[in-house]
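Only this structure's heavy atoms are used, side chains among them; waters, hydrogens and symmetry mates stay out. Residue numbers begin at 1 in each chain, while the letters A, B, ... track the order of the sequences.
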There are 2 protein chains.
Amino acid sequence: MLNSILFYSLDKAIRSYRRLAQANIDRAGLDITVDQWLVLQVVLEHDDLTQQEIAERVFKDQASVARMLALLVKRGLLLGIPLPNDGRRTRLRVSEAGHQILDAVQPIILANRAVALAGLAENDLTVLRQLLERIAQNCAPVAN
Amino acid sequence: MLNSILFYSLDKAIRSYRRLAQANIDRAGLDITVDQWLVLQVVLEHDDLTQQEIAERVFKDQASVARMLALLVKRGLLLGIPLPNDGRRTRLRVSEAGHQILDAVQPIILANRAVALAGLAENDLTVLRQLLERIAQNCAPVAN
DNA sequence: GCAAGATGTATGATATATCATAGAAATTGC
DNA sequence: GCAATTTCTATGATATATCATACATCTTGC
């Protein structure tokens, strides 16, 4: 039975949450995806990362990040300024429009989390996080 | 910090597992994706479901399932036989090639699960599943 | 300095995710 | 029995996921 498979529950939980999050962002009239929001947030916090570094932080791959960044720049949420010391890269900066959308999304994300985690105690979350981290570690390819 | 966000851990765990699973399937020389495998497995168990019903079982949407079924038929893993009592539908059946690939993938999936869940006690899994189900339920849209 | 290797980015190909909608076929209400 | 509604499937548009690879640029070794 599918229901007895742990990964089914995992998949279901994350997909449910993502749908909820996206629905609430859409409902607020904000034109951004959850994934774009995440990348934008990472750039806000660190504007000197390579695509690969961003990819590791958001757990996507470099190709996905490259396309998302191009889209965010195209939409005017990010600015790409050529880096003088490395001709391959551009320094990314969140634009004014980007800041506005991040500010608008922030409370929605917090509300979503509250809804998603309703009824879970602080201790539950700690246990959950530990188990999930263990699974991720178990699955990680041996680096070397 | 991203690391303190539960959904980050969730996303990371499921993505790690999916990558491991796909890598091992690929390594075995089997030409099927994890998602295709899941759909094929569902059809094997119930050959009279609508796309919508399959979609609910695998927690995808109908459009995704439609495309995956078309691809599975095209690849010869599924057979589509028109249903006499409903001109809109076709009865899906797993082909001989489909059975072969399911049989070949089965042990790999089991091995993957063992690797992913190494070090987790039976009790951990129960707790984990309950918490994940609760989250999914919290996020589910009110049906009516 | 320069050749070899490493790093950073972009993109093609294919698969999946989602919404919206079109079109066909079945069901319902009356 | 037929019109209105519902159900089922397919598909367009756009976004993301992944691998592979092309290409430019940087770094290292010597």
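A salt bridge is absent between Arg134(B) and Asp124(A): the closest approach of a Lys/Arg side-chain nitrogen to an acidic carboxylate oxygen does not fall below 4.0 angstrom.
Distance CD1 (Ile14(A)) to C1' (dT18(C)): 16 Å, rounded to an integer number of Å. Distance CD1 (Ile32(B)) to P (dT16(C)): 9 Å, rounded to an integer number of Å. What separates CD1 of Ile25(B) from C1' of dT18(D) is a distance of 14 Å, to the nearest Å. With rounding to whole Å, Arg15(B) atom CZ is found 11 Å from dT18(D) atom C1'. One interatomic measurement links the two molecules: CG of Asp61(A) to P of dA15(C), which rounds to 17 Å at whole-angstrom precision. For the pair Lys60(A) NZ and dA17(C) P, the computed distance is 13 Å after rounding to whole Å. Taking atom CZ on Arg18(A) and atom C1' on dC19(C), their separation rounds to 16 Å, with Å as the unit. Computed from coordinates, the Met68(B) CE to dT9(D) P distance equals 15 Å when rounded to whole Å.
Phosphate proximity of dT16(D) to Thr33(A): present, with a side-chain N or O under 4.0 Å from OP1 or OP2. Note on Arg19(A): a side-chain N or O is less than 4.0 Å away from OP1 or OP2 of dT18(C).
Contact annotation for Gln62(A): base contact, defined as any heavy-atom pair under 4.0 Å involving a base atom. Across all strands, Arg67(B) comes closer than 4.0 Å to base atoms (heavy-atom distances).
Closest to the side chain of Asp35(A), from the set dT11(C), dA17(D), dT16(C), is dA17(D). The side chain of Gln36(B) approaches dT16(C) more closely than any other nucleotide in the set dT16(D), dT16(C), dA10(D).
Looking at Glu56(B) and Gln52(B), their side chains do bring a donor and an acceptor atom within 3.5 Å of each other. Between the side chains of Ser64(B) and Asp61(B), at least one donor N or O sits under 3.5 Å from an acceptor N or O. When only modelled atom types and interatomic distance are considered, Gln62(A) and Gln51(A) share a side-chain donor-acceptor pair under 3.5 Å.
Criterion: ILVMFWY side-chain heavy atoms under 4.5 Å apart, direct or through other members. Under it, Leu30(B) and Leu44(B) are part of a common hydrophobic cluster.
Ranked by how close their nearest DNA chain D nucleotide is to the 5' end, Ala63(A) and Leu83(A) are led by Ala63(A). Between Ser64(A) and Asp26(A), it is Ser64(A) whose nearest contact on DNA chain C lies nearer the 5' terminus.
Under a 3.5 Å cut-off, the side chain of Arg19(A) and the backbone N or O of Ala140(B) do not form any donor-acceptor pair.
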> For Leu72(B) and Leu92(B), what are the C-alpha separation, side-chain angles and deciding distance, and is it a side-chain contact (heavy atoms from CB on, under 4.5 Å)?
Replying inline: CA-CA 10 Å; Leu72(B) 287 169; Leu92(B) 295 166; over 6 Å; no

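A distance of 8.5 Å separates CD1 in Ile14(A) from CD1 in Ile135(B), rounded to the nearest 0.5 Å.
Residues of residues 69-78 of chain B that place a heavy atom closer than 4.0 Å to DNA chain C, in numerical order, are Leu71(B), Arg75(B).
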Between the protein and nucleotides 6-8 of chain C, are there any N/O to N/O pairs under 3.5 Å, and if so, what are the atom names and distances?
from: dT7(C); atom 1: O2; to: Arg88(A); atom 2: NH1; distance (Å): 2.3

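For the pair Leu40(A)/Val105(A), no side-chain contact is recorded, criterion being any heavy-atom separation below 4.5 Å from C-beta on.
Heavy atoms from other residues, nucleotides or ligands lying under 6.0 Å from CD of Gln106(B) number more than 12.
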